[in-house]
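Labels below follow one simple rule: chain letters A, B, ... track the order of the sequence lines, proteins then strands, and each chain is numbered from 1.
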2 protein chains.
Amino acid sequence: MAGKAKAVTLATVAQTAGVSLATASKALNGKTVVSAATRRRVEEAARTLGFVPNHFAKALNSATTGVIGLLTADLANRFVLPILSGVENTLGVESTSIILTDARRDPIRERHQIATLLGRKVDGIIVVGHSDDARPSLAELLPVGATYAFAPSTSTADASYLSDNYEGARLAIDHLVEGGRRSIAVLTGDPTYNAAKERLEGAVRAARRHGLEIVGPANAYGDWSEEWGRYGAESLLQGRDEFDAVFCANDQIARGVVDVLRDYGREVPHDVAVVGFDNWELYSSHSRPPITTIDMNLEEVGRLAALGLAAAIAGEPPSGITRVAPRLVPRASTAGSKQ
Amino acid sequence: MAGKAKAVTLATVAQTAGVSLATASKALNGKTVVSAATRRRVEEAARTLGFVPNHFAKALNSATTGVIGLLTADLANRFVLPILSGVENTLGVESTSIILTDARRDPIRERHQIATLLGRKVDGIIVVGHSDDARPSLAELLPVGATYAFAPSTSTADASYLSDNYEGARLAIDHLVEGGRRSIAVLTGDPTYNAAKERLEGAVRAARRHGLEIVGPANAYGDWSEEWGRYGAESLLQGRDEFDAVFCANDQIARGVVDVLRDYGREVPHDVAVVGFDNWELYSSHSRPPITTIDMNLEEVGRLAALGLAAAIAGEPPSGITRVAPRLVPRASTAGSKQ
DNA sequence: TTGAAAGCGCTAACAA
DNA sequence: TTGTTAGCGCTTTCAA
């Protein structure tokens, strides 16, 4: 720990530049009233003295503090990280700081953290959920702006940003159909999740647009695990329907499917093409073969939530649900065209 | 966005409690000089008015601000999350806030962020690396305390906290030997990483302590991928040495090994036991069979880094490298005793 | 045990 | 275009 740096204040800067405190303040804050020469002198002085403005003093007489709160429901969740990253990258580091909190799925903890954030006088809050299931609005509790990322608010007056499951499923199905697949099965996830429903529904709709029906058992729900993927694949293999493709609602399911197909001597992608969801990179790109998947573009979700909050802080609060288009990440599990 | 809450200030509280500003301040800050009755009255007033102290005003005349900076090298890295979580959970939410930054492995960006954090008058900084390879000390640049998590500082004057790879390897080898394994092979990771070297070395040492030598090729280095695990396993199968266990330097390698053993009809754990490293839960616990692994206890690393920083802030800066003991997470891949 | 008053470092009227 | 002055909300001497 180096010695305590004696803080250089604006007063010192003003003094060395030979101007008043007020003028120095104006010069450094880009106010137009100061002459170019004065500004140069002040900036020079600030630079040589290594002046760093004290944000606390600044915040004390400004309407805004340049700090926003990130209220995450579950920091350990692997989906929140890209969102954080998107937020962090969007807000200018110099102008805005992020205070991070983790409610650990505990509503009581969440209340506490909101109080803390408000005590820190954050300009706004980005509420990051742990799935894309809707969550109660915080509008009543908050005297500041807020946007919701991943888990949308139940109130449409709030601005929510999440990935578009329907569109993701459509991308997957279109890709399979373009590859010549006509008999597509679907294995979706835990039916208590929106994502499981929407990805299945999106697939059914997209298939119909091509004049196709999804093959295989009507009840394609399971959970989000490899085990379910393996079980589902075996069921399909033992079922009466032929299939040349499987769309899975996440990468783990897809991994299970790919592994079982391999065990049974079905070649992927030659005999059966497989598409996953989530683009859990380290996971889906190292299987045999690597799995084509849908990336939710969660960084973009974070980016939009940050921009939305910035707008809200600027006095123009957005509202409604914005669905971010996912993208297809093609890999070997769907390579080549069938026939 | 609800209406702007007119902030309740200490002055209002003092007024309703019928005391002076100064007394109210003392009462709320636990100063002993105030009488119990007065304190009760002030607290009562504060509660009913919903008084929340303004941290900026507070920080303006205190030595500390109750804010610390988290300087992460790479937020997208999956190892930093548990560390963040450990830090977040350790610092009292009410008393300390965390400002999050992400340098994205860019030293220039890192400099900027340090400047920003110092501008925010953080009481200290926790530097979180993206691997356990040492990183340059920041002591020269920082007028405040700092601790290093995961990636230790190159300076022993700094306090660094990381997981103990040697101990992790020892746990794995001991566990295998206790299970009756005598011919243990090792597949480690990318030789440019400390972790790869230390885990291999730890395994060799631990084996010798049992009077055993590691079997298989001397050059056990590869990278951190499933592909390397598969390749390494095939090499072992085709080699001349018999082996009844494989210790892998991460879960991906272990997964590759398990999959190939399965392909070749070797039963895990009956014929060959497998241990991974990192406890990447969602990954290692869903393979066939689920993989025994070493958990680095990164939350604990975060916790200690936070406590160390708290000590530094309190004027007692710790120093040196603290290695956190990992723990074994037993799963099916080593179940039962051989023999 | 309480209160009056002086700042913390800065911004924002207002005056010059 | 520049400077003077009054706070922002709080803590902290120092007196009472």
Side-chain angles (χ1 to χ4, degrees), chain A residues 4-43 45-46 49-67 94-95 118-123 143, chain B residues 4-43 45-46 49-67 94-95 118-123 143:
Chain A
K4 263 249 165 339
K6 160 94 80 242
V8 180
T9 74
L10 227 205
T12 326
V13 175
Q15 202 176 349
T16 44
V19 297
S20 78
L21 225 193
T23 305
S25 169
K26 286 170 200 155
L28 257 23
N29 286 301
K31 294 279 197 286
T32 48
V33 285
V34 275
S35 73
T38 312
R39 159 156 307 130
R40 237 190 316 280
R41 242 174 336 121
V42 175
E43 280 169 349
L49 290 170
F51 170 69
V52 181
N54 182 327
H55 278 267
F56 294 94
K58 241 176 150 137
L60 206 49
N61 8 231
S62 316
T64 62
T65 57
V67 182
E94 2 255 294
S95 57
L118 295 179
R120 300 283 181 193
K121 292 278 177 288
V122 293
D123 294 335
Chain B
K4 264 247 162 346
K6 161 92 80 244
V8 179
T9 73
L10 226 207
T12 326
V13 175
Q15 203 177 347
T16 43
V19 297
S20 77
L21 225 191
T23 306
S25 170
K26 287 167 197 155
L28 257 24
N29 286 302
K31 295 277 196 284
T32 47
V33 283
V34 275
S35 74
T38 309
R39 159 156 307 132
R40 235 192 313 283
R41 246 179 326 127
V42 174
E43 281 170 347
L49 290 169
F51 170 69
V52 181
N54 182 327
H55 278 266
F56 293 93
K58 245 180 146 133
L60 206 49
N61 12 230
S62 317
T64 61
T65 57
V67 182
E94 3 254 293
S95 58
L118 295 180
R120 301 284 182 194
K121 292 277 178 286
V122 293
D123 294 335

K.L.:
Please tell me which of the listed nucleotides, D:dG9, C:dT11, D:dT2, lies nearest to the side chain of B:N54?
P.N.:
D:dG9
K.L.:
Looking only at the side chain of B:P53 (C-beta and beyond, no hydrogens), which of the listed nucleotides C:dT1, D:dG9, D:dC10 gets closest?
P.N.:
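Looking only at side-chain atoms, B:P53 lies closest to D:dC10.
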K.L.:
B:S35 side chain N/O closer than 4.0 Å to the phosphate oxygens (OP1, OP2) of C:dT2?
P.N.:
yes
K.L.:
Measure the distance from NE2 on B:H55 to P on D:dT11 and round it to the nearest whole Å.
P.N.:
10 Å
K.L.:
Which value, rounded to the nearest 0.5 Å, describes the distance between A:E43 atom CD and A:L28 atom CG?
P.N.:
6.5 Å
K.L.:
Strictly below 4.0 Å: does A:K58 bring a side-chain N or O up to OP1 or OP2 of C:dT11?
P.N.:
yes
K.L.:
Report yes if a side-chain nitrogen or oxygen of A:S62 is closer than 4.0 Å to either non-bridging phosphate oxygen (OP1 or OP2) of C:dT11; otherwise report no.
P.N.:
no
K.L.:
Compare the minimum distances between each of D:dT11, D:dG9, C:dA4 and the side chain of B:A22, then state the nucleotide with the smallest one.
P.N.:
C:dA4
K.L.:
Closest approach to the side chain of A:V34, judged atom by atom: which nucleotide of C:dG9, C:dT1, D:dT2 is it?
P.N.:
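Of all the options, the side chain of A:V34 is nearest to D:dT2.
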K.L.:
If only side-chain N and O atoms of A:T9 are considered, is one of them under 4.0 Å from the OP1 or OP2 phosphate oxygen of C:dG9?
P.N.:
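Checking A:T9 against C:dG9: no side-chain N or O falls below 4.0 Å of OP1 or OP2.
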K.L.:
Starting from P on D:dG9, measure out to CG on B:N29 and report it in whole angstrom.
P.N.:
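Distance, rounded to whole Å: 17 Å.
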K.L.:
Does OP1 or OP2 of D:dG3 have a side-chain N or O of A:S20 closer than 4.0 Å?
P.N.:
yes
K.L.:
Establish whether the base of C:dG9 is bridged to the side chain of B:K121 by a donor-acceptor pair shorter than 3.5 Å.
P.N.:
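Side chain to base: no pair below 3.5 Å.
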K.L.:
Can you check whether A:T23 has a side-chain N or O nearer than 4.0 Å to OP1 or OP2 of D:dT1?
P.N.:
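For D:dT1, OP1/OP2 do not have a side-chain N/O of A:T23 under 4.0 Å.
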K.L.:
Toward the 5' end of DNA chain D, which comes first, B:K26 or B:F56, by nearest nucleotide?
P.N.:
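The residue closer to the strand's 5' end, by nearest nucleotide, is B:F56.
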K.L.:
The side chain of B:L10 lies closest to which of these nucleotides: C:dT1, D:dT11, C:dA13?
P.N.:
D:dT11
